[in-house]
Amino acid sequence: MVSVTVLMENNPAVNKSLKYEHGLSLFIKTPQSKILFDFGASSTFIYNAQRMDIDLSKIDTVVCSHGHYDHSGGFADFVQKYKIKKLITGEGFFEPKYRVDDFKYAYIGNPFDESLISENNIEHIVCKDIYKIDDYCYVFSGFVRDTSYEQSSNHFVYGDLNNDIKTDNFNDEICLVIKTDNEITLLTACSHPGIVNMIKSVGEYFHSNVTSIYGGIHLAEADDERINNTIADMKKLGLKKAGFCHCSGSRVKEAVKNDASIKACDFATGDSIIIK
């Protein structure tokens, strides 16, 4: 069995002693490894782990989904407190990233650079396709981009403000795939490349349907047509269970809960699920 626990997310769940903020951090325990997937925006996830009696010093592998502050912001705090051997990211993780609205730019990238990695003797592993953590967990990148309605938002850009700004296609985004005898589960952070694109890519690689998804799918700002198309396509591709959070948006969460063909749950700070 594999367990997945939300160390920190935008919303509270049952345990009201835990703190929450905009961001995401997941703790995954397989029979072979203990994995940290994202670090939230600050050290909040460390506080919550202690409150839930999760010993982060036992972490084998740390993975950061993409270079936005609400997923990487707590990394420097984690490095100060714990010894880290390796960090897995996608390619282009350290590119400066911004959100642009009309003519105004806001920095939303990592609050650290590559010097933090080298100064702490951390091995930086760049996943360009598939990286196997253990027999149950894989890091996945390089998603197909053939779903017509899943286009990159013009609000997200990267590069040098004084030189060359480009639309961010999030080629650095990675996800985790949990593979057991009974199902293939996708653990997502934001799904900027498009959740349908990601499901297709993982399913084609493993020659099996993705049956469960937990995490963010970035539909908070999507219109109803895109939400409806996304749900319909996820169902066609084999989705049976879902726990959406963080950037997913309330409308898609409610729509999935009201769909009798999908078992859905809230997936908030302090919640855990078990994958058999």
Side-chain angles (χ1 to χ4, degrees), residues 2 4 23-26 28 30 33 35-39 59-72 75 84-97 108-110 114 117 122-147 150-153 156-159 166-179 184-219 230 233-234 237 239 246-248:
V2 176
V4 182
L24 185 66
S25 179
L26 303 179
I28 300 99
T30 80
S33 304
I35 303 157
L36 183 61
F37 183 46
D38 284 359
F39 314 91
I59 293 288
D60 304 300
T61 306
V62 296
V63 183
C64 198
S65 62
H66 62 297
H68 275 175
Y69 78 95
D70 51 332
H71 296 266
S72 67
F75 178 73
I84 301 173
K85 293 181 180 180
K86 59 185 176 183
L87 168 68
I88 304 172
T89 73
E91 191 172 23
F93 176 77
F94 285 105
E95 291 282 0
K97 291 176 178 276
I108 56 173
N110 301 312
E114 292 167 283
I117 308 298
I122 300 170
E123 179 186 5
H124 183 201
I125 298 172
V126 177
C127 176
K128 298 181 180 180
D129 40 46
I130 309 295
Y131 180 87
K132 183 177 180 179
I133 294 177
D134 62 22
D135 292 333
Y136 299 86
C137 187
Y138 300 77
V139 183
F140 201 101
S141 183
F143 307 101
V144 296
R145 307 290 184 104
D146 62 3
T147 305
E150 292 190 325
Q151 302 296 320
S152 296
S153 170
F156 295 112
V157 298
Y158 73 96
K166 301 175 183 176
T167 298
D168 195 345
N169 292 318
F170 292 95
N171 293 322
D172 67 317
E173 183 152 355
I174 55 182
C175 69
L176 295 184
V177 179
I178 306 298
K179 188 175 184 297
I184 290 183
T185 299
L186 201 57
L187 302 180
T188 62
C190 270
S191 308
H192 288 291
I195 187 59
V196 175
N197 287 332
M198 297 171 76
I199 293 171
K200 287 179 182 177
S201 302
V202 171
E204 289 173 3
Y205 180 84
F206 287 99
H207 305 292
S208 182
N209 290 340
V210 172
T211 52
S212 303
I213 303 173
Y214 300 97
I217 60 171
H218 218 279
L219 292 178
T230 299
D233 282 343
M234 289 192 297
L237 292 166
L239 183 66
H246 180 44
C247 55
S248 302

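Starting from 1, each residue takes its place in the sequence as its number.
Side-chain contact check for Val2 versus Cys137: every heavy-atom pair is 4.5 Å or farther apart. In this structure, the side chains of Cys190 and Phe170 stay at 4.5 Å or more apart for every pair of heavy atoms. Under the 4.5 Å side-chain criterion, counting only non-hydrogen atoms from C-beta, Ile130 is in contact with Tyr205.
When all heavy atoms of Asn110 and Ser72 are compared, the closest pair comes out as OD1-OG, 2.6 Å. Closest of all the heavy-atom pairs between Phe39 and Leu87 is CZ-CD1, 4.2 Å. Leu239 approaches Thr211 most closely through the heavy-atom pair CD1-O, 3.6 Å. Closest approach of Ser25 to Asp38, counting heavy atoms only: OG-O, 2.8 Å. Cys64 and Ile174 get closest at one heavy-atom pair: O-CD1, 3.4 Å. Closest approach of Met198 and Ser191 over heavy atoms only: SD-CA, 3.4 Å.
Taking the six-membered ring where tryptophan is involved, the planes of His192 and His68 are perpendicular, since the angle between them exceeds 60° and thus also 30°. Between Phe206 and Phe140, the two ring planes are tilted [angle within 30° to 60°].
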Worksheet item: Given the rule in the side-chain contact (heavy atoms from CB on, under 4.5 Å) test, do Thr185 and Val177 qualify, once you have shown the distances and angles that lead to the verdict?
Response: CA-CA 6 Å; Thr185 299; Val177 179; over 6 Å; no
Discussion item. One pair to check against ring-ring contact (aromatic ring centres under 6.0 Å, His included): His66 and Phe156. What are the steps and the verdict?
Written reply: CA-CA 13 Å; His66 62 297; Phe156 295 112; 8.9 Å; no
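Once rounded to the nearest 0.5 Å, the distance linking OG1 of Thr230 with CD1 of Ile195 reads 9.0 Å. Atom OG1 of Thr30 sits about 8.5 Å away from atom CD1 of Ile133, to the nearest 0.5 Å.
Distance alone, capped at 3.5 Å, places no donor-acceptor pair between the Ser65 side chain and the Glu173 backbone. No donor-acceptor pair under 3.5 Å is formed between the side chain of Thr188 and the backbone N or O of Cys175. When atom types are taken as modelled, the side chain of Asn197 and the backbone of Asp146 share a donor-acceptor pair closer than 3.5 angstrom. A donor-acceptor pair under 3.5 Å links the side-chain atoms of Asp172 to the main chain of Gly67, judged by distance alone.
The aromatic ring centres of Phe94 and His124 sit less than 6.0 Å apart.
Checked options Leu36, Thr61, Ile35; the residue passing with Ile28 is Ile35 (criterion: side-chain contact (heavy atoms from CB on, under 4.5 Å)). Across Asp168, Asn169, Thr167, a single residue satisfies side-chain hydrogen bond (donor to acceptor under 3.5 Å, both in side chains) together with Ser152, and that is Asn169.
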